[in-house]
Structures are given as C-alpha cells and as structure tokens.
Amino acid sequence: MPRTKEQFEEMRNATRAKIHAAAMQLFVHQGFGSTNVQDIADTAGISIGLLYRHYRTKDQLFHELVDFAVEGLKRNIAYFESDLSPKTLLARFVDEIYTDFMNGEELVNLLILINQSMFAGAGTPSKQHEEILQVNARLLDATAQLIRKGQHLGEFRSGDAREMAVFFYASVQGLAEMKVLLKNTFAMPSPSVLTAFLFREGVDVS
C-alpha cells in the first residue's frame with residue numbers, strides 16, 4: 001500500500017532526528033570546521049543524498065541546531081518567571097541538569113554548540129549571534145531576579161544576585177566541557193554541590 005502523508009512526515013522527522021543527533025555529536029567532538037557532510041551522513045546511517053534532501057549545507061544544519069538550543073534557553077526564562085518558590089524552581093532545574101548530564105549528552109552538546117556559535121560569529125556578528133546574546137542576557141537577568149526573590153524569602157544565601165547567577169552558569173558550562181574532555185572518567189557533582197553556594201541550610205524545598 002502507498003504510504004500516507006502522515007507516514008511520510010513521520011519518516012522525515014525520524015531522519016532529521018538522526019541527522020541532528022549525528023551532527024551535534026560530531027560538531028562538539030570534532031569541531032565544526034573538521035566535520036564534513038559525509039561524516040554526518042555516515043554517523044547518522046543515511047546516504048549523503050538523503051542528507052542533502054533535508055539540508056543544503058552544513059551551515060544550515062548547524063544554525064538549525066543552534067536555533068533549537070536557543071529555544072531551550074527561552075523555555076528556561078519562562079520557567080524561572082513562574083509562581084513557584086525560587087528554591088523549588090532552581091532545585092528542579094538543577095535536578096534536570098544532573099539527570100541529563102548523567103544519562104546522556106544532549107544538554108552538554110547543546111551548551112557547547114551555543115558556545116561554538118558565539119566564537120564562530122565573534123568577528124562578524126549575525127542575526128542569530130545577536131539573538132543568542134539577547135537571550136543569554138535575559139536568562140541571566142531572570143535567574144538573578146529569581147535569586148533576589150529567594151533571598152527576600154529567606155531561601156537563598158545573601159550576596160550579589162547577578163554574580164551568583166554568573167557563577168552558576170559558569171559552573172554548568174564548565175561541567176559540560178569537562179564531560180566532553182574527560183569522557184568516561186567524568187564524575188558529575190551532586191545537585192547539592194551545585195546549589196551549596198545558593199541555598200540556605202535548613203530551608204525545605206516544597
């Protein structure tokens with residue numbers, strides 16, 4: 001029987017998911033410049049002709065992956081602006097980071113991919129480069145505001161909220177890079193270690 005439109009769309013999405021996973025792995029571990037389209041096709045287990053049916057160039061694929069990562073940052077901003085207690089929000093966020101780092105590489109790869117995009121566009125900023133700068137600034141502001149709220153409620157330790165937010169994201173980014181470098185010898189710190197500088201002792205997460 002001929003395939004339905006829905007079946008074709010499902011196959012198309014499955015192929016794109018393979019391409020995304022392969023490209024992210026190669027861009028992160030080999031670098032954008034050292035990765036060619038044949039590498040991506042081979043890692044994805046598809047023909048290079050099929051890859052070109054989805055993406056005309058390696059650059060187009062890279063920028064789509066970065067767009068996907070940026071959308072994730074935007075969701076984090078909305079999450080931090082919800083009505084739950086600051087400590088609950090941040091504790092759940094850190095638990096998700098911990099789980100992702102322990103069980104896979106998707107979040108790690110996305111974080112490093114954004115960095116690669118920023119360094120690649122440092123000389124000639126693009127529209128995407130500017131959007132990343134703006135979204136990162138908004139995320140930092142939202143996190144600092146969340147910390148200030150938590151300090152006001154007595155959930156977080158005292159200190160400069162923006163400095164604490166910068167330190168938090170620098171720690172997460174550094175851990176992502178260490179996971180790639182150390183591979184199987186990498187040991188992810190527990191959530192309590194990641195939040196020790198933020199949370200006051202004796203305050204329950206509800």
Side-chain angles (χ1 to χ4, degrees), residues 20-21 24-25 27-29 65-119 128-129 131-206:
H20 285 182
M24 274 203 296
Q25 177 186 341
F27 289 153
V28 168
H29 292 276
L65 290 173
V66 173
D67 283 340
F68 177 75
V70 170
E71 288 304 312
L73 296 181
K74 291 178 181 177
R75 287 193 294 273
N76 288 340
I77 294 170
Y79 174 72
F80 284 155
E81 292 174 346
S82 69
D83 293 331
L84 291 174
S85 85
K87 188 168 185 180
T88 297
L89 287 170
L90 205 56
R92 290 180 181 176
F93 182 58
V94 170
D95 282 344
E96 289 179 8
I97 291 173
Y98 178 81
T99 300
D100 286 344
F101 273 49
M102 289 291 290
N103 297 333
E105 294 188 346
E106 183 175 356
L107 177 58
V108 170
N109 290 345
L110 289 173
L111 289 172
I112 294 177
L113 204 69
I114 289 177
N115 260 15
Q116 287 185 352
S117 176
M118 292 300 295
F119 284 120
Q128 187 180 58
H129 184 197
E131 183 183 19
I132 294 171
L133 288 174
Q134 292 173 9
V135 172
N136 272 324
R138 286 172 50 205
L139 179 60
L140 196 60
D141 288 342
T143 308
Q145 184 58 36
L146 186 74
I147 293 172
R148 290 188 194 99
K149 183 179 177 182
Q151 289 170 335
H152 179 73
L153 294 172
E155 296 179 344
F156 290 179
R157 298 177 186 274
S158 61
D160 185 293
R162 190 168 184 84
E163 287 183 355
M164 295 166 85
V166 169
F167 181 79
F168 174 73
Y169 288 115
S171 299
V172 173
Q173 186 69 41
L175 287 168
E177 294 174 7
M178 287 183 69
K179 181 174 171 65
V180 172
L181 290 172
L182 298 179
K183 298 182 173 62
N184 293 334
T185 62
F186 173 76
M188 181 65 182
S190 68
S192 62
V193 170
L194 290 176
T195 56
F197 78 103
L198 277 171
F199 294 168
R200 287 184 58 196
E201 295 180 5
V203 180
D204 293 332
V205 179
S206 56

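- Side-chain contact between His29 and Glu105: present, with at least one pair of heavy atoms (C-beta onward) separated by less than 4.5 Å.
- Shown here are the side-chain hydrogen bond (donor to acceptor under 3.5 Å, both in side chains) partners of Ser192, two or more places apart in sequence or in another chain: Ser190.
- Applying the salt bridge (charged side-chain N to carboxylate O under 4.0 Å, His left out) test to residues at least two apart or on different chains, none of the pairs has a partner in residues 176-198.
- To the nearest 0.5 angstrom, His129 atom NE2 is 11.0 Å from Gln134 atom CD.
- For Phe27, the ring-ring contact (aromatic ring centres under 6.0 Å, His included) partners two or more places apart in sequence, or in a different chain, are Phe32, Phe62.
- Taking CG of Leu90 as the reference point, atom CG of Asp95 lies at 10.0 Å (rounded to 0.5 Å).
- Residues Tyr169 and Asn136 are not in side-chain contact: their nearest non-hydrogen atoms beyond the backbone lie 4.5 Å or more apart.
- Residues passing the ring-ring contact (aromatic ring centres under 6.0 Å, His included) test with Phe168, sequence neighbours excluded: none.
- One finds the CZ atom of Arg157 at 9.0 Å from the CG atom of Leu198 (value rounded to the nearest 0.5 Å).
- From Met178, atom CE reaches atom OG1 of Thr185 across 8.5 Å, with rounding to the nearest 0.5 Å.
- Of all heavy-atom pairs spanning Leu111 and Ala176, the tightest one is CD1-CB, 4.0 Å.
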Test side chain to side chain contact (heavy atoms under 4.5 Å, CB included) on Met24 and Leu110 and set out the steps. CA-CA 8 Å; Met24 274 203 296; Leu110 289 173; 3.4 Å; yes
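- Partners of Tyr98 by ring-ring contact (aromatic ring centres under 6.0 Å, His included), not counting sequence neighbours: none found.
- By the ring-ring contact (aromatic ring centres under 6.0 Å, His included) test, Tyr79 pairs with no residue at all, sequence neighbours left out.
- Using a 3.5 Å distance cut-off with no hydrogens or angles, the side chains of Asp67 and Gln128 do pair a donor with an acceptor.
- Here Leu175 pairs with Phe101, Phe186, Met188, Pro189, Leu194 under the side chain to side chain contact (heavy atoms under 4.5 Å, CB included) rule; sequence neighbours left out.
- Applying the side chain to side chain contact (heavy atoms under 4.5 Å, CB included) test to Pro86 and every residue at least two apart in sequence or in another chain returns Leu146, Lys149, Leu153, Glu155, Phe156.
- Note on residues 68-84: pairs passing salt bridge (charged side-chain N to carboxylate O under 4.0 Å, His left out), not counting sequence neighbours, are Glu71-Lys74, Lys74-Glu131.
- Summarising the geometry, atom CD1 belonging to Ile147 is positioned 11.0 Å from atom CD belonging to Glu163; distances are rounded to the nearest 0.5 Å.
- Take Ser158 and apply the side chain to side chain contact (heavy atoms under 4.5 Å, CB included) test, not counting sequence neighbours, and it matches no residue.
- Separating the CD atom in Gln116 from the CG atom in Asn109 is a distance of 9.0 Å, to the nearest 0.5 Å.
- Closest approach of Ile77 to Val135, counting heavy atoms only: CD1-O, 3.8 Å.
- Residues Ile114 and Leu73 are in side-chain contact: their nearest non-hydrogen atoms beyond the backbone lie under 4.5 Å apart.
- Qualifying side chain to side chain contact (heavy atoms under 4.5 Å, CB included) partners for Asp141, counting only residues two or more places apart in sequence or in other chains: Arg162.
- Residues Met118 and Leu133 have side chains in contact (heavy-atom distance under 4.5 Å, counting atoms from C-beta outward).
- Between Ile112 and Val28, the shortest heavy-atom distance links the atoms CD1-CG1, 4.0 Å.
- In this structure, the side chain of Ser171 engages the main chain of Phe167 through a donor-acceptor pair within 3.5 Å.
- Nearest approach of Ala161 to Gln151, heavy atoms of both residues: CB-OE1, 4.3 Å.
- Counting all heavy atoms, side chain and backbone alike, Thr195 lies closest to Val94 at CG2-CG2, 3.6 Å.
- Of all heavy-atom pairs between Ala165 and Ala144, the closest is CB-N, 4.0 Å.
- Checked by atom type and distance alone, the side chain of Thr88 never pairs as donor or acceptor with a backbone atom of Leu84 at under 3.5 Å.
- Every residue two or more places apart in sequence or in another chain was checked for a salt bridge (charged side-chain N to carboxylate O under 4.0 Å, His left out) with Arg138, and none qualifies.
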